[in-house]
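Remember, predicted model here, so these are calculated numbers, not experimental data. The residues of the chain are indexed from 1 along the displayed sequence.
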Amino acid sequence: MISTAINRFSIRCGPPLPPPTKLRSCFCSVTSINYPTPHHHPQWSGLDYWRRNPLNRDRYWGPNGPIQQQNEIDSNSPCSVFSSCTSLAEMGGVVLSTEDPLVKANLSHLAYTKWRKEGLPVGVSDAPSRPARPDKPQLVSPKEIPPPKSSGLPLNAYMLHNLAHVELNAIDLAWDTVVRFSPYVELLGEGFFADFAHVADDESRHFTWCLQRLGELGFSYGDMPAHGILWRECEKSSDNVAARLAVIPLVQEARGLDAGPRLVNKLVGYGDNRTSNIVAKIADEEVAHVAVGVFWFVSVCQKMGRIPGSTFTGRLPLFPSPTPGFHKNIIIKIPPIA
């Protein structure tokens, strides 16, 4: 297992790390995690603040913005679904195996809350080959996604449904990263898993906002087809942590940073300011997720003696750019020095 871990961690190139000492159960307190300091790499100024933030319970979108949900499940009460779970990775596996989207989002928040409050270890668990999904929406190829005019949904609901699908996938992508690479906690460090569990919690909050607003508009998640390309790209990186960091935070999440303002402007032009405010808030919070990806990608590359910029560009042929100049903009954020 250790040799396999090193191969995955090293992108199959460059000098391998020495095998770690005996794997241990790593107990975690967010305030006690020591994060590595990538050399010659300035961090996003808000990253440390995001990491140390208290739990965010603002999972309902009120008249003037996000507020705490009045009927939120009490995170202090025992949750039978997690009764046999003794680690973060095990709870992540439960989330991935949950079919109902709203239940998945709620369990994601409960799992992260339980882990932070109880100081559970990262642990080790096996990730399912694919996350559980409901019967709807029907998953089709991107070319088969109907245009707005023939979707049966008004433009604002159409755009919101697409965003909800992205956010649901983002929950699973973050937990899959936690669970799939949990055997390598000694190599990656506890902070890696803390960050991606935090990302999963953020994404679950974003998804519940989208579901709430869809319901207010008279629609539901699943009312139109969606594509499975997000998970397909994730599967390409299932055996390689550096590739996973490149494709999820540095490509998929970063695409969202580019798309967010355009989506906000379209919604404002449509006259739906409430939905535009939700999308703007989501886009603002996604900045931290890209920063997390850059931090850990650079950290992994430097541990392996690799140059982050060239290592990233070496992964790009697997993940074609949707817009001209997109990857160039991301590379600017990655330092060219090892």
Are R213 and D272 within salt-bridge range, i.e. N to O under 4.0 Å? yes
If you take the centroid of each ring, where Trp contributes its six-membered ring, are F192 and Y184 closer together than 6.0 Å? no
L139 and I229: same hydrophobic cluster, using ILVMFWY side-chain contacts below 4.5 Å? no
Sequence neighbours excluded - ring pair (Phe, Tyr, Trp, His ring centres under 6.0 Å) pairs with any residue from residues 225-280: H165-H227
Rounded to the nearest 0.5 Å, what separation is found between the CG atom of N156 and the CG atom of N273? 11.0 Å
Using the ring of each side chain (for Trp, its six-membered ring), is Y112 parallel, tilted or perpendicular to H198, with breaks at 30° and 60°? parallel
Side-chain (E167) to main-chain (C210) donor-acceptor, under 3.5 angstrom: no
Let me confirm one number: the CD-NE2 distance from E203 to H289, rounded to the nearest 0.5 Å. 5.0 Å
Taking the side chain from S299 and the backbone from W296, do they hold a donor-acceptor pair closer than 3.5 Å? no
Can you give the donor-acceptor pairs under 3.5 Å from side chains of residues 141-149 to other protein atoms, not counting sequence neighbours?
unit_1: S141; atom_1: OG; unit_2: E144; atom_2: OE1; d: 3.1
unit_1: E144; atom_1: OE1; unit_2: S141; atom_2: N; d: 3.1

Residues pairing under side-chain hydrogen bond (donor to acceptor under 3.5 Å, both in side chains) where one sits in residues 119-134, two or more places apart or in two chains, turn out to be R130-E235, R133-N169, R133-D172
Under a 3.5 Å distance rule, please check whether T177 uses its side chain to pair with a backbone N or O of L173 as donor and acceptor. yes
Tell me whether D223 contacts the main-chain N or O of S220 through its side chain, where contact means a donor paired with an acceptor under 3.5 Å. yes
Does the cation-pi check pass for R51 over F295, that is, NZ or CZ under 6.0 Å from the six-membered ring centre and within 45° of its axis? yes
